[in-house]
Amino acid sequence: MVELPAKESLDVEFKSDRKTLSDNVIVEEVVALSNTEGGSLYIGVEDDGTPSGAQPAHRDTARLASLIAAKTVPPVPARVELIGADTPIVRVGVPRSTAIIATSTGKILKRRVRLDGEPETTPMYPYELTSRLSDLGRLDFSNQPIPDAETSDFDQLEIERLRKIVATYRKSDKALLELSDAELEQALGLVTTVGDKMTPTLTGLLLIGKTEALQRFVPTSEAVFQVLQGTDVKANVTFHEPLLYTIERIISSIEPWNPVTEIPFGLFNEPVPTFDRDAIREAVVNAFGHRDYSMLGRVRILIDDTGLTISNPGGFVEGISVRNLLTADPHGRNPRLMDALKRIGLAERTGRGIDRIFEGSLQYGRPLPDYSASTSGKVSVFISRSEPDTAFVAMVARENEKRTSPLPLQSLLVLDALKQLRRVGADDLGTNVDISPAQLRQTLETLTEAGLVEATGYGKRRSYTLSSKVYRKTGKAKEYVRQTDIDKVRYPELILKLAETHGSVTTADVADLLHIDREQAYYEIRKLMKSGRLAKAANGPKAYYTLA
């Protein structure tokens with residue numbers, strides 16, 4: 001019997017074919033899936049997941065694939081296959097589109113989940129086209145001129161604020177200070193030429209627009225800052241002002257709720273805030289810089305007993321997900337806005353602000369920022385409220401003192417993963433850290449050479465752990481011996497215990513047990529034979545050993 005998904009979802013659709021499903025319905029479902037997340041259309045399955053069989057007219061997979069390509073614009077390269085023997089079902093595999101897909105009759109559809117949790121196919125409305133094009137990187141909404149807006153809608157005080165920020169921040173483009181106001185607006189893309197006059201862009205109004213102009217032209221620019229202690233609301237401030245003012249106010253509002261912990265560092269104590277200040281700035285700037293301004297909603301910054309949450313309307317853009325945040329090429333929904341924020345000095349110039357957010361937690365041995373609450377309609381990052389790991393901080397600080405530059409993010413990720421996982425192979429480690437395989441291998445070798453990581457075994461059996469030096473200097477030498485099982489004094493004990501449990505051991509068994517190569521394993525077995533504790537029970541390739 002063919003195995004089907006348990007139920008319908010955003011990327012799974014069941015269609016009964018008892019009355020011969022029309023070609024138009026099939027095409028519309030394919031368009032909706034392609035315009036959303038892609039997925040699978042099952043023809044010949046009832047809504048409750050019961051297989052009922054596809055009609056002969058739909059079992060010609062080549063014909064159906066050609067039909068879908070002919071009736072979609074641009075053509076969708078669906079993969080059609082016949083599954084099941086007793087009850088034939090047609091599965092149509094639909095890729096996620098890199099453009100907006102329509103039926104040949106002009107219908108543009110998408111999938112969504114209703115309030116009751118059930119999926120449905122629904123029209124994609126004009127205002128949603130802008131959002132979809134932005135997600136695909138086909139439209140920079142932040143660079144669009146705002147109809148009916150005038151340069152008189154700019155606030156001179158905000159222009160001065162912009163200049164002050166440029167002068168203050170080290171990574172800003174200081175050449176901007178030499179420009180007149182009109183030249184500055186053009187250089188940052190705050191205006192564009194429409195006809196014979198300069199018209200504010202969305203970026204321009206967002207950064208230096210008057211509050212009343214923003215409320216009239218860009219009502220989606222709203223933000224809120226909230227603080228909860230238990231169920232008590234300690235702060236609840238809504239912002240309608242331009243972004244430069246709002247970002248500065250929010251960051252300063254967080255500071256009273258960001259207590260400092262003193263941790264020992266050499267002869268002195270180092271003050272460590274609960275939430276890294278650089279990470280906060282990057283996360284707040286990213287929320288405003290990458291949000292979808294065509295969607296209703298607002299940027300929300302929430303501090304509660306568990307930590308700090310920063311969320312914004314608009315999911316991850318095409319090609320970026322929770323799993324590849326640190327390895328995907330940096331690109332966003334609003335290139336013009338982010339470019340302006342970078343040149344002003346508020347955002348990371350390299351486009352790798354996400355690295356700064358992760359480093360803010362990693363350098364203090366705290367839990368990684370959590371993006372798991374993000375959906376197709378929002379991006380949400382949670383930074384846990386937790387004490388710094390003083391031993392981890394000391395290890396990183398000692399290593400940084402010996403280097404010409406601080407440990408890179410990849411090294412911090414690997415060290416943090418080994419701290420959590422204790423002992424792990426490279427393949428398993430790769431599934432737990434967002435690092436490319438080539439970078440991971442290089443990082444492991446570099447950390448091994450530095451004496452921070454130890455490697456044991458060869459090939460597929462090669463595994464890694466924090467080094468004994470690290471555990472000794474952090475006062476956890478006993479934990480090192482306990483969790484690694486590579487203390488050579490224990491080799492005989494472990495081999496004899498395995499022989500007692502299984503009745504016999506082979507060289508391969510010992511190599512796998514101790515994470516060493518076969519030559520080392522045979523050497524340990526020979527020592528036990530010479531001491532009269534093991535006896536050879538067979539010769540040749542199938543040799544094995546038993547308790548003497």
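None of the values given here were measured: they were computed from a predicted structure.
- Checked by atom type and distance alone, the side chain of N334 never pairs as donor or acceptor with a backbone atom of R336 at under 3.5 Å.
- Using modelled atom types, one side-chain atom of S374 and one backbone atom of S380 make a donor-acceptor pair closer than 3.5 Å.
- Between E348 and K342 there is no salt bridge, since none of the side-chain N atoms of the basic residue sits less than 4.0 Å from a carboxylate O of the acidic one.
- The pair E13-K15 meets the salt-bridge criterion, with a side-chain N (NZ, NE, NH1 or NH2) lying under 4.0 Å from an Asp/Glu carboxylate O.
- Under a cutoff of 6.0 Å and an axis angle of 45°, R291 and F288 do not form a cation-pi pair.
- At a threshold of 4.0 Å, the pair D148-R216 does not count as salt-bridged, since none of the basic side-chain nitrogens sits closer than that to a carboxylate oxygen.
- Side chain to side chain, D140 and S142 meet the donor-acceptor criterion of an N or O pair below 3.5 Å.
- The closest donor-acceptor contact from the side chain of T72 to the backbone of V76 lies under 3.5 Å.
- When the salt bridge (Lys or Arg N to Asp or Glu O under 4.0 Å) test is applied to K174, no partner is found at least two apart in sequence or on another chain.
- Contact annotation: the side chain of I100 approaches that of I108 to within less than 4.5 Å [non-hydrogen atoms, C-beta and beyond].
- Checked by atom type, the side-chain pair T201/T203 shows no donor-acceptor distance below 3.5 Å.
- The CD atom of E183 sits 9.5 Å away from atom CG of D181, with the distance rounded to the nearest 0.5 Å.
- For R323 and Y371, the side-chain atoms include no donor-acceptor pair closer than 3.5 Å.
- Under 4.0 Å is where a charged nitrogen must lie from a carboxylate oxygen, and between R111 and E37 no such pair does.
- Between the side chains of S436 and R441, no donor N or O sits under 3.5 Å from an acceptor N or O.
- Salt-bridge formation is not detected for the pair K7/D47: no Lys NZ or Arg NE/NH1/NH2 atom is positioned less than 4.0 Å from an Asp or Glu carboxylate oxygen.
- Ion pairing between a basic and an acidic side chain is recognised when a charged N comes within 4.0 Å of a carboxylate O; E81 and R91 show such pairing.
- For K210 and E158, the salt-bridge test fails: no basic side-chain N is under 4.0 Å from an acidic carboxylate O.
- The CG atom of L421 sits 5.0 Å away from the CG atom of N432 when rounded to the nearest 0.5 Å.
- Using a 4.0 Å cut-off between charged side-chain N and carboxylate O, D276 and R366 make no salt bridge.
- Atom CG of residue L162 and atom CG of residue L184 lie 5.5 Å apart, to the nearest 0.5 angstrom.
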